[in-house]
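One-based numbering, in listed order, for ligands and for the atoms of each.
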Amino acid sequence: MYAFGRNRTVTSLIEENGTVNGVHYKDTSGRRLTAYAPLTVVCDGCFSNLRRSLCNPKVDVPSHFVGFVLTNCKPRNENYVTIILGEPSPVVFYRISSTKVRCLVDVPSQHVPSVSDGKMAQYLRTQVAPKVLPELQNSFISAIEKKDNIRVMPNRIMAAAPHPTPGAFMIGDAFNMRHAITGGE
Ligand SMILES: Cc1cc2nc3c(=O)[nH]c(=O)nc-3n(C[C@H](O)[C@H](O)[C@H](O)COP(=O)(O)OP(=O)(O)OC[C@H]3O[C@@H](n4cnc5c(N)ncnc54)[C@H](O)[C@@H]3O)c2cc1C
């Protein structure tokens, strides 16, 4: 069994006569190598480059989730997710440890300000913070001002429409995703 990831990056699937027989990959020194296997499990996540050969590649990105971690705050109901159905889109808070709360702000794709030049923090401060529950507001402001705390990820809509291909099996975010607001354990 071969496993690919941090040290070995798969560049493409080997397909012969409609059957996947393995992968082409690069190692950390940039050497191009090949691995053959009777079954290839494709699980390269939400930015998958490999899914296009195994299913309908159409992906829509209606919005992005902007995520960051709040500290020193106490949500109103600790055992539940808090969702603010704000305009233009929702904001989610949920506890991830005894001291931390994760916040995810849905930002429509037409308007995703840059994190690096500070425009994202400004957007969150002016457009989102006023709609946040009072008990979370101070922590919300502190969190967006903390350097390197803000992460952005696409919310993708994709049909789970595989082209059944002998020799390959696709799972995880590469295969299908749903809006993270529906997240569960
Ligand atoms: C902030 C946040 C909160 C979340 N909360 C929840 C939640 O509460 N509940 C829930 O169900 N889900 C949640 N998710 C989603 C969940 O994390 C993903 O659905 C899950 O991690 C997908 O797993 P995966 O193995 O398909 O992909 P990933 O975890 O993305 O793993 C893919 C791996 O493949 C590697 N890779 C990529 N390309 C290649 C390549 N060409 N060659 C070799 N390796 C490669 C990557 O380096 C990575 O290690 C959350 C996600 C985020 C970002």
For atom NZ of K131, decide whether the heavy atoms of other residues, nucleotides or ligands shown that lie under 6.0 angstrom number more than 12.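 Yes, because the 6.0 Å sphere around NZ of K131 holds more than 12 heavy atoms from other groups.
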message = Test your reading of the structure: does D173 have an N or O sitting under 3.5 Å from an N or O of ligand 1?
response = yes
Atom indices of ligand 1 within 4.0 angstrom of [X] heavy atoms, with elements:
{"X": "C43", "result": "32 (C), 33 (C), 34 (O)"}
{"X": "V10", "result": "40 (C), 41 (N), 42 (N), 43 (C)"}
{"X": "G172", "result": "26 (O)"}

CZ of F65 to CG of L104, rounded to nearest 0.5 Å, is 5.0 Å
Rounding to 0.5 Å, atoms CZ (R102) and OG (S97) come to a distance of 10.0 Å
Non-hydrogen atoms of [X] versus ligand 1: any pair closer than 4.0 Å?
{"X": "T9", "result": "yes"}
{"X": "Y25", "result": "no"}
{"X": "G67", "result": "no"}
{"X": "M177", "result": "no"}

Check residues 156-165 and write down every donor-acceptor pair under 3.5 Å in which the side-chain atom is one partner and the other belongs to a residue at least two apart or another chain.
{"residue": "R156", "atom": "NH1", "partner": "C46", "partner atom": "O", "Å": "3.1"}
{"residue": "T165", "atom": "OG1", "partner": "H163", "partner atom": "O", "Å": "2.6"}

Of Y94, F47, F68, the residue with the heavy atom nearest atom 4 (C) of ligand 1 is Y94
Heavy-atom proximity to atom 53 (C) of ligand 1, picking from M153, R8, M170, points to M153
Tightest non-hydrogen contact, residues I84 and F93, listed as CD1-CE1, 3.7 Å
In a table with atom names and distances, give each donor-acceptor pair under 3.5 Å that connects a side chain of residues 138-146 to protein atoms at least two apart or in another chain.
{"residue": "S139", "atom": "OG", "partner": "T71", "partner atom": "O", "Å": "3.1"}
{"residue": "S139", "atom": "OG", "partner": "N72", "partner atom": "O", "Å": "3.0"}
{"residue": "S142", "atom": "OG", "partner": "N138", "partner atom": "O", "Å": "3.0"}

Review point. Would E135 and K74 pass as an ion pair if we require N to O under 4.0 Å?
Key: no
